[in-house]
Amino acid sequence: ISKKNYTDFIKLSLCFPNDYFLIKGKDSSVLQHALFEDVVEIIDHLPNIEIVKDVEEVTPEKLIHISDYCIGAYTSLTDEFLSYGKPSFIYDFFGMITNQYALKYPDYLVATNYEILHSRLERLLNHGQFLPENDFETFRKNFYNDSHTYNVHAKLQEQLEQLYCKQVNC
């Protein structure tokens, strides 16, 4: 995670004071680097933003249950939020996004700079719009097969049995 992420999350927390921003990186030790001293100091003094210090304790499952949405690079966490039915914005200011379904909805899922990220979040918070009407449920079923139900194994087994039967004429 770059310093830019942290400074942009600080700006978002100032623009959306009624939301609570929880920043979880892969490893919190980067925050002990001198380069991050100023952002850590600012975050420590803001009431609606926090850096997760114990990344092992705050699991993806816990984040999904306590959060209304996710902002991050394209990772398994953004996928998990989407599969569970929660908005997830892919913040890709490096321009390296290659995920095909994010590219299907670039005007909704992907933000390539702070201004775009701000407008996407504002659209969600002020107007309740994440994806075009009725698209989110279809999107989830097409790309995640309702995996948030933890029933993926049973669904996969059923599909494999159907394929097998077609091959051997059951």
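Between atom CG of residue L12 and atom OG1 of residue T7 there is a gap of 10.0 Å, rounded to the nearest 0.5 Å. Between T59 atom OG1 and L63 atom CG the span is 7.0 Å, to the nearest 0.5 Å. How far CG of L82 is from CZ of F89: 9.5 Å, rounded to the nearest 0.5 Å. One finds the OG1 atom of T75 at 8.5 Å from the CD1 atom of I90 (value rounded to the nearest 0.5 Å). Here the SG atom belonging to C15 is positioned 4.0 Å from the NE2 atom belonging to H118, to the nearest 0.5 angstrom. Here the CD1 atom belonging to I71 is positioned 11.5 Å from the CG atom belonging to L22, to the nearest 0.5 angstrom.
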_side-chain contact (heavy atoms from CB on, under 4.5 Å) assessment of L109 paired with L131_ = CA-CA 8 Å; L109 292 175; L131 288 181; 4.2 Å; yes
_Using side-chain contact (heavy atoms from CB on, under 4.5 Å), reason through D38 and K3 one step at a time and then give a plain yes or no._
CA-CA 10 Å; D38 57 339; K3 187 173 178 179; 3.0 Å; yes
*Carefully, step by step, assess T138 and D135 under the rule side-chain hydrogen bond (donor to acceptor under 3.5 Å, both in side chains).*
CA-CA 5 Å; T138 303; D135 277 9; 5.6 Å; no
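When all heavy atoms of C70 and T78 are compared, the closest pair comes out as SG-CG2, 4.0 Å. Of all heavy-atom pairs between L35 and H33, the closest is N-ND1, 2.9 Å. For P60 against K24, the heavy-atom pair with the smallest separation is CD-NZ, 4.3 Å. Here the closest non-hydrogen pair linking E61 and E80 is OE2-OE1, 4.2 Å. Residues N48 and D19 approach most closely at ND2-O, 3.0 Å, considering heavy atoms. Nearest heavy-atom pair across K62 and V58 is CD-CA, 4.3 Å.
Ring planes of Y69 and F21: perpendicular class, angle over 60° (limits at 30 and 60°). Y108 and Y105 have perpendicular rings, their planes meeting at more than 60° on a 0 to 90° scale where under 30° would count as parallel. Between F9 and Y91, the ring planes lie tilted relative to each other; the angle falls in the 30° to 60° range.
The cluster map of Ile, Leu, Val, Met, Phe, Trp and Tyr, joined by side-chain heavy atoms under 4.5 Å apart, puts I51 and F16 in the same cluster. The hydrophobic cluster containing F81 also contains V52, counting ILVMFWY residues as joined when their side-chain heavy atoms lie under 4.5 angstrom apart, directly or transitively. Residue F36 is grouped with residue I43 when hydrophobic side chains (ILVMFWY) are merged at heavy-atom distances under 4.5 angstrom, including chains of intermediate members. Both L124 and F136 are assigned to one and the same hydrophobic cluster, defined by single-linkage of ILVMFWY side chains at heavy-atom distances under 4.5 Å. Transitive grouping of hydrophobic side chains (ILVMFWY, heavy atoms separated by less than 4.5 Å) keeps Y6 and I116 in distinct clusters.
Not one N or O on the side chain of R120 forms a donor-acceptor pair closer than 3.5 Å with the backbone of F130. Looking at D44, its side chain never comes within 3.5 Å of a backbone N or O of E41 through a donor-acceptor pair.
Residues that satisfy the salt bridge (Lys or Arg N to Asp or Glu O under 4.0 Å) test with D68, not counting sequence neighbours, are absent from this structure.
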